[in-house]
Amino acid sequence: MGTPGIPPLVPGRLPLLGHGHLMAGGNGRLRFMQHVRSYGPIVRIKVGPKSMAVVNDPDLIHAMLTREASSFSKGILFENLKLFGEDALPIAEGRFHLIRRRQMQPSFHRNMVSSYVGKMVSTASSTIDSWEPDTARDMKTEMQLIAQNIVMATLFSSAPARERALVILDSVDTVFRAALFRSLLPMGPLDNLPTRGNRKISAANAVLRGAVTEIIEDHRRQSDSYEDVISLLMGARDDAGKPLDTIEILSEVTALLAAGSETTAVVLAWLFYEVGRNPALERRLHEEVDSVLADGEVTGDRLGELPFIGRLVQETLRLYAPWLVTRQAREDVRLGETVVPGGTNIIFSPYAVHRDPDLYTDPDRFDPDRWLPDRPQPPREAFLPFGAGKRRCIGDAFAETEAKVVVALVALRWRLRAVPGPVEPVAEITTHPKRLRMIPELRSDIPARSAQPVW
């Protein structure tokens, strides 16, 4: 294999801080991850005392996620996401991950996801219908509530009231922020001290686990009344035929709830922002839904007849991809010309890859038509919003379907206008808007429809 090598160190580090000063704030992190791409396929940075390798080349990232996947663990970020549950699927490793993924896969098969569309429609419509015309709303929060409610309704057969849902959502955000902070500024033993911040994290976790425990207990009391992910987990068995215990089910459901409340919601918020500031895109969106969904009814079969919405979703996934994913080398492993030593903490940035001008023409431009089949396409390895290989997000089809449903429902009734002022991307767990308030305006050009809309 060769001698383990040390990738070149990116210039600009300071004593004690390392490159941390260049990653200050959400915007700084995004600029820095794009900046380091110019220094080579694999480089090294310092975050405080911790040294990390940054893999920039999409071919090497793909190799790390596929061919060489067994040589890497999920890394420091996912280790800190154990705040949601010790061995939940997004965090689990090795054979345990394989077994759990096989247990949960039936709920996320594309045919099963298609069967969720009716529940997605009714759940999202209740929120969309509640909007007051011409009244500004925090679009990220609105989309998070919709996404969270869809996950709870379709996968857990539960639908909390808005105030309860907001409390759960705030708890998810608190734990996500803690996981990211601990990854970028690891404090070791200090994470367990009864500080104000740690008490807040514990309280948020208690709210989350309390909400999920109530749902699980209800399923146990009425086991014949449900057919969802919790039912599937309650009926699952390990290799020895032993059922999952309550803690295992709790961890899985909590992790699903957290993941489902964040990623798709952020994509939707950005999508409506981009469409709202481009009249030509908005017009095409409305023309498509008015034509295909003439009776106002959104169904699974009809989603396939909305290609422009599909491209809008795909382009938003590209432009506002996660800014940070981590891995850790289990052993010495060759990536291209570099032998990465075992134990090395590794990060890569889908956000930065997706905005590389060598991979994407005019990469900072929101252009859904770049995904038309007659346009030049980027290398397959250069588009990774859901990862790749055996650790590819199990909920990719669910997320894409959910996004299309929400976009169609909103477009059938509303125009969304951003409140004047800058809207900046911020690098938290996902790449989300720092502040995005939008004003729903009732469409005045809705054609006569042959049936009542779903709302």
Participant: Between Thr431 and Val266, is any pair of side-chain heavy atoms under 4.5 Å apart?
Facilitator: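 In short, these two side chains do not touch, never coming nearer than 4.5 Å.
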
Participant: With a cut-off of under 6.0 Å to the ring centre and 45° to the axis, is Arg355 in cation-pi contact with Tyr320?
Facilitator: yes

Participant: Are Arg220 and Ile249 close enough that some pair of their side-chain heavy atoms sits under 4.5 Å apart?
Facilitator: yes

Participant: Can you check whether Val36's main-chain N or O pairs, donor with acceptor, with Asn56's side chain at less than 3.5 Å?
Facilitator: yes

Participant: If you define the side chain from C-beta out and look only at heavy atoms, does anything of Met143 sit under 4.5 Å from Phe272?
Facilitator: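 Counting from C-beta outward, Met143 and Phe272 do come under 4.5 Å.
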
Participant: So, the side chain of His19 versus the backbone of Val47: is there a donor-acceptor pair under 3.5 Å, distance only?
Facilitator: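 Checked: no pair found.
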
Participant: How far apart are the closest heavy atoms of Tyr360 and Pro378, and which atoms are they?
Facilitator: CE2-CG, 3.4 Å

Participant: Ignoring hydrogens, what is the shortest heavy-atom contact between Glu288 and Phe308? Give both atom names and the distance.
Facilitator: OE2-N, 2.9 Å

Participant: If you define the side chain from C-beta out and look only at heavy atoms, does anything of Ile394 sit under 4.5 Å from Met104?
Facilitator: yes

Participant: Does the distance from a Lys or Arg side-chain N to an Asp or Glu carboxylate O, for Asp129 and Arg413, drop under 4.0 Å?
Facilitator: yes

Participant: Taking all non-hydrogen atoms of both residues into account, name the closest pair between Leu412 and Ile446 and its distance.
Facilitator: O-CD1, 3.5 Å

Participant: Is Leu155 close to Asp228 at the side-chain level, that is, under 4.5 Å between some pair of heavy atoms?
Facilitator: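 No, their side chains stay 4.5 Å or more apart.
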
Participant: Which heavy-atom pair separates Arg237 from Gln103 by the least distance, and what is that distance?
Facilitator: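 In terms of heavy atoms, the two residues are closest at O-NE2, 3.0 Å.
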
Participant: Under the criterion salt bridge (Lys or Arg N to Asp or Glu O under 4.0 Å), I'd like the reasoning laid out for Glu428 against Lys434: C-alpha separation, chi angles, the key distance, then a yes or no.
Facilitator: CA-CA 10 Å; Glu428 296 291 345; Lys434 183 177 182 179; over 6 Å; no

Participant: Quick check: does any side chain N or O of Asn149 sit under 3.5 Å from a backbone N or O of Leu145, one acting as donor and the other as acceptor?
Facilitator: yes

Participant: Arg318 side chain to Pro363 main-chain N or O, any donor-acceptor pair under 3.5 Å?
Facilitator: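 Pair found, side chain donor or acceptor close to backbone of Pro363.
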
Participant: Inspect the contact between Arg443 and Asp290 and indicate whether a charged nitrogen and a carboxylate oxygen are less than 4.0 angstrom apart.
Facilitator: yes

Participant: Under a 4.0 Å threshold between the charged nitrogen and the carboxylate oxygen, would Asp295 count as salt-bridged to Arg302?
Facilitator: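 Salt bridge: yes.
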
Participant: With respect to Lys404, which candidate in Leu409, Val298, Val313 satisfies the side chain to side chain contact (heavy atoms under 4.5 Å, CB included) definition?
Facilitator: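 Exactly one pass, corresponding to Val313.
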
Participant: Under 4.0 Å between a side-chain nitrogen and a carboxylate oxygen: does that hold for Asp367 and Arg365?
Facilitator: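 Salt bridge present between Asp367 and Arg365.
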
Participant: Just wondering, do His219 and Ser231 contact through their side chains at under 4.5 Å, heavy atoms?
Facilitator: yes

Participant: For the residue pair Asn27 and Phe32, establish whether any side-chain heavy-atom pair is separated by less than 4.5 Å.
Facilitator: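 The answer is no; the side chains never approach within 4.5 Å.
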
Participant: Would you check if the side chain of Thr264 reaches a backbone N or O of Gly260 as a donor-acceptor pair within less than 3.5 Å?
Facilitator: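 Pair absent, no side-chain N/O of Thr264 close to backbone of Gly260.
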
Participant: Taking all non-hydrogen atoms of both residues, which atom of Ala269 and which atom of Pro433 are closest, and how far apart?
Facilitator: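 For Ala269 and Pro433, the tightest heavy-atom pair comes out as CB-CG, 4.5 Å.
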
Participant: Walk me through it: do Leu65 and Phe72 pass the test side chain to side chain contact (heavy atoms under 4.5 Å, CB included)?
Facilitator: CA-CA 8 Å; Leu65 300 179; Phe72 297 92; over 6 Å; no

Participant: When rounded to the nearest 0.5 angstrom, what distance separates CG in Leu281 from CG in Leu312?
Facilitator: 6.5 Å

Participant: Kindly give the heavy-atom pair with the smallest separation between Glu262 and Thr430, and that separation in Å.
Facilitator: OE2-OG1, 2.6 Å

Participant: Using the benzene-type ring in the case of Trp, are the ring centres of Phe383 and Trp371 under 6.0 Å apart?
Facilitator: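 Yes, the ring centres sit under 6.0 Å apart.
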
Participant: Assess whether a salt bridge exists between Glu248 and Arg100, defined as any Lys/Arg side-chain N lying under 4.0 Å from an Asp/Glu carboxylate O.
Facilitator: yes

Participant: Is there a side-chain contact between Leu442 and Trp414 (heavy atoms, below 4.5 Å)?
Facilitator: yes

Participant: Is there a donor-acceptor contact under 3.5 Å from the side chain of Thr154 to the main chain of Ile150?
Facilitator: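 Yes; judged by distance alone, with no hydrogens or angles, the pair exists.
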
Participant: Parallel, tilted or perpendicular for Trp270 and Tyr273, by the 30°/60° rule?
Facilitator: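 Geometry flag for Tyr273 against Trp270: perpendicular rings.
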
Participant: I'd like to know if Arg284 and Glu287 make a salt bridge, using a cut-off of under 4.0 Å between side-chain N and carboxylate O.
Facilitator: no

Participant: Under 3.5 Å, side chain of Ser114 to main-chain N/O of Asn111, donor-acceptor pair present?
Facilitator: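 Not confirmed, Ser114 side chain does not pair with Asn111 backbone.
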
Participant: If you measure from the Lys or Arg side-chain nitrogens to the Asp or Glu carboxylate oxygens, is any gap between Arg162 and Glu142 under 4.0 Å?
Facilitator: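 Here Arg162 pairs with Glu142 in a salt bridge, since their nearest N and O are under 4.0 Å apart.
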
Participant: Is the backbone N or O of Phe398 less than 3.5 Å from a side-chain atom of Thr401, with the two atoms forming a donor-acceptor pair by type?
Facilitator: no

Participant: Salt bridge check, Arg391 against Glu93: does any charged N sit closer than 4.0 Å to a carboxylate O?
Facilitator: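 Salt bridge flag = yes for Arg391 with Glu93.
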
Participant: Can any side-chain N or O of Arg29 pair as donor or acceptor with the backbone N or O of Ala427 at less than 3.5 Å?
Facilitator: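 Yes; judged by distance alone, with no hydrogens or angles, the pair exists.
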
Participant: Atom OG1 in Thr263, atom CG in Asp396: separation rounded to 0.5 Å?
Facilitator: 12.0 Å

